[in-house]
Amino acid sequence: DYGSVSGKAAYILSERTRLYVSGSLLDEERHAGTPQDYDSTRIWTAGAGMEMQTSSDGKWRVDLFHEDLDVEDYATRVNSDRDEEFIRQFRVQPSSATSLGTVWSRRFPGGHNVTAGADYRWTDITVNDFGRYIAGTPGELKVTRASQDMGGVFIQDSWEVNERWQLNGSVRYDYVTNRGTVDFTDLDNGENTLSETYDRNSETTVNPSLGLRYNANESVSLRAAAYKGFRAPTLRELYRSSSTRLGIVLVNNPFLAPERLVGAEAGIDWSVSPRTLLRLTVFQNVVEDLIQNITRGTAGDEPAFVEPCGWLEPGQTCRELANVGEMESTGLEAEAAWEWTSAWSFFVSYLYNDATVTRAPDNPQVVGKQVRQAPKHALTARARHSGRWFDSSIVARYIGERYEDEINTLEVDDALLFDLRFSRRISDSSELFLAVENLFDETYEVRTTNSGSTEIGRPRFVGLGFRFRR
């Protein structure tokens, strides 16, 4: 069961100032095939902002955003005769996030377009795990509390040197601080059996980028860029262990370092005709301290104790999050856009991405292996038609073969899926739409496990909605 609603309203305060508010609500309940095995998610968001043009032809934008998320998840097991179901874990997970950002931009003499800004985000999460079930009653409660505050400032200059040359440069400073605690309570007597406070985890980073564009003629442009990037580990990766219905127990790691990227790319844009555009990009990225799931062991037909997961049920697999050293990603992306007529347009995008672990001092078994869940081949094609009574589009998505585990033994099959969308404009500011995902109801793999279980992707989904814009 799925439902969502969203809205946005704007108010023009003056010729130079515009205010807006927005909000959304999503409610979803998913069943896993047995009466008691289901999970529910509810997310609501609220936002507000202001856009203002200054007297010196500059522009300010300020955005405030808040999100609340509540998740309830029952995990069950079925006996060998498959005639009785038992709850093995129940999770209640409330979380919230608040962010604030501001961006300023202005055009200066000499072809300089300068943009600067700052942003901040605070995230707070509590995970209540009820476990050790006996006869439907939990015997233990594990409460994980974690928070993350992160922020950054940046400045960017897009310099139009002349009609042929454009130079883009930027630099960004980021910081992130993580905190976490865990408490275990024996529900039979109410006593606290274990409490742990993790050391505060803080990081700072400075990431520059430089890009160059050369317009060779009216049809052909060449471009190149070099950049650095940064991804902080999430609160889930740092502090929250989890298990899946397929028998995977994933252990968190509070000592994870952030991923750091250094990359470069080059490409060409060719306007073959006023209605046809071809684009080709080649790239290479190197990621230090890539965060991956590392398999530590699997239980056979009998329960087994595997560090750091502890006791595993038969068929379960223990994985631990860890930084694995270095990953290289080399590939190309090709795009083609064709506007056949004023009513028909077509778009195709192909991605080849060879993402391989090249160094892993603490986990040498993953060196030379393809990064998990990273297909080498991906393709998207779209046909769109604008009709008298309604607009329509069909999208084909191809996802290549990939691996679920870090040592490339669990292969996930490729998949070709189709999506369909119809929309009817009711007025200048509103439309009615019908969207169908996985049009032909294909059965496709998402994950596989050592026990032979397979997670199947979302079946055909039909959504009807109304969108209003002002």
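Here, residue 1 is the first one in the sequence, and each next residue gets the next number. When reading the values below, keep in mind they use all heavy atoms of this one structure, side chains included, and skip hydrogens, waters and symmetry mates.
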Check your understanding: Hey, what's the ring geometry for F440 with F418, parallel, tilted or perpendicular (30° and 60° as the breaks)?
Key ->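 Correct class here is perpendicular.
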Review point. Where does the angle between the aromatic ring planes of W340 and W344 fall among parallel (under 30°), tilted (30 to 60°) and perpendicular (over 60°)?
Key: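 Geometry flag for W344 against W340: tilted rings.
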Just by modelled atom types, is the [Y] backbone N or O under 3.5 Å from a matching donor or acceptor in the [X] side chain?
X    : Y    : value
W60  : M50  : no
N168 : G211 : no
D289 : A257 : no
Q373 : V446 : yes
N252 : L238 : yes
R460 : L439 : yes
N285 : L261 : no
T102 : R61  : yes
N253 : L321 : yes
R164 : N215 : yes

Kindly give the heavy-atom pair with the smallest separation between [X] and [Y], and that separation in Å.
X    : Y    : result
L278 : A336 : CD2-CB, 3.6 Å
Y20  : S22  : CE1-OG, 4.2 Å
G169 : L210 : CA-CD1, 4.3 Å
Q370 : R402 : NE2-CA, 4.4 Å
I426 : L432 : CG1-N, 4.1 Å
A97  : R121 : CB-NH2, 3.3 Å

Would a 4.5 Å heavy-atom cut-off, applied to side chains only, mark [X] and [Y] as touching?
X    : Y    : result
S170 : P208 : no
L235 : R240 : no
Y350 : L332 : yes
R179 : D149 : yes
D414 : Y398 : yes
T281 : R223 : yes
V282 : T330 : no
R236 : L250 : yes

Got a second to check how far [X]'s [atom1] is from [Y]'s [atom2], nearest 0.5 Å?
X    : Y    : atom1 : atom2 : result
F65  : D119 : CZ    : CG    : 14.0 Å
E160 : H112 : CD    : NE2   : 10.0 Å
M150 : T177 : CE    : OG1   : 10.0 Å
E28  : L26  : CD    : CG    : 6.0 Å
Y11  : T17  : OH    : OG1   : 11.0 Å
L64  : T98  : CG    : OG1   : 7.5 Å

When you check the gap from the basic side-chain N to the acidic O, do [X] and [Y] get nearer than 4.0 Å?
X    : Y    : result
E333 : R279 : no
R372 : E404 : yes
R172 : D174 : yes
R213 : D269 : yes

Atom [atom1] of [X]: over 12 foreign heavy atoms under 6.0 Å:
X    : atom1 : value
W159 : CH2   : no
L464 : CG    : yes
W122 : CH2   : yes

Practice item. Dump the intermediate steps for side chain to side chain contact (heavy atoms under 4.5 Å, CB included) on D413 and E411, then the final yes or no. Key: CA-CA 6 Å; D413 289 341; E411 186 174 296; 4.2 Å; yes
Practice item. Given side chain to side chain contact (heavy atoms under 4.5 Å, CB included), test L25 with R42 step by step and report yes or no. Key: CA-CA 7 Å; L25 174 65; R42 170 168 287 193; 4.1 Å; yes
Going by atom types only, do [X] and [Y] share a side-chain donor-acceptor pair under 3.5 Å?
X    : Y    : answer
T448 : T454 : no
D354 : T356 : yes
T295 : E406 : yes
E326 : T358 : yes

Point to revise | Geometric cation-pi criterion R384 and F347, 6.0 Å radius, 45° cone | key: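 The answer is no; the distance or angle limit is not met.
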Review point. Has R424 got its NZ or CZ under 6.0 Å from the middle of the six-membered ring of F422, at an angle within 45 degrees of the ring axis?
Key: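 No cation-pi geometry.
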Practice item. Only one of L417, L416, I399 passes side chain to side chain contact (heavy atoms under 4.5 Å, CB included) with Y444; say which it is. Key: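 It is L417; the other options fail the test.
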Check your understanding: So among S95, S96, P94, which one has a side chain to side chain contact (heavy atoms under 4.5 Å, CB included) with I125?
Key ->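 For I125, the side chain to side chain contact (heavy atoms under 4.5 Å, CB included) test succeeds with only one of S95, S96, P94, which is S95.
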Review point. Does the pair Y120 and Y175 meet the rule for a side chain to side chain contact (heavy atoms under 4.5 Å, CB included), with working shown?
Key: CA-CA 10 Å; Y120 174 81; Y175 84 92; 3.2 Å; yes
Exercise for review: Check the pair R107, N113 against side-chain hydrogen bond (donor to acceptor under 3.5 Å, both in side chains), reporting the backbone distance first and the verdict last.
Suggested key: CA-CA 4 Å; R107 183 176 179 86; N113 295 285; 3.0 Å; yes
Review point. Going through the distances and angles, do R260 and E288 end up as a salt bridge (charged side-chain N to carboxylate O under 4.0 Å, His left out)?
Key: CA-CA 5 Å; R260 300 180 187 273; E288 292 283 347; over 6 Å; no
Exercise for review: Evaluate the criterion side chain to side chain contact (heavy atoms under 4.5 Å, CB included) for residue pair Y239 and N178; output intermediate values, then yes/no.
Suggested key: CA-CA 10 Å; Y239 303 120; N178 304 293; 3.4 Å; yes
Point to revise | From CA spacing to verdict: side-chain hydrogen bond (donor to acceptor under 3.5 Å, both in side chains), S271, E218 | key: CA-CA 8 Å; S271 296; E218 293 183 354; over 6 Å; no
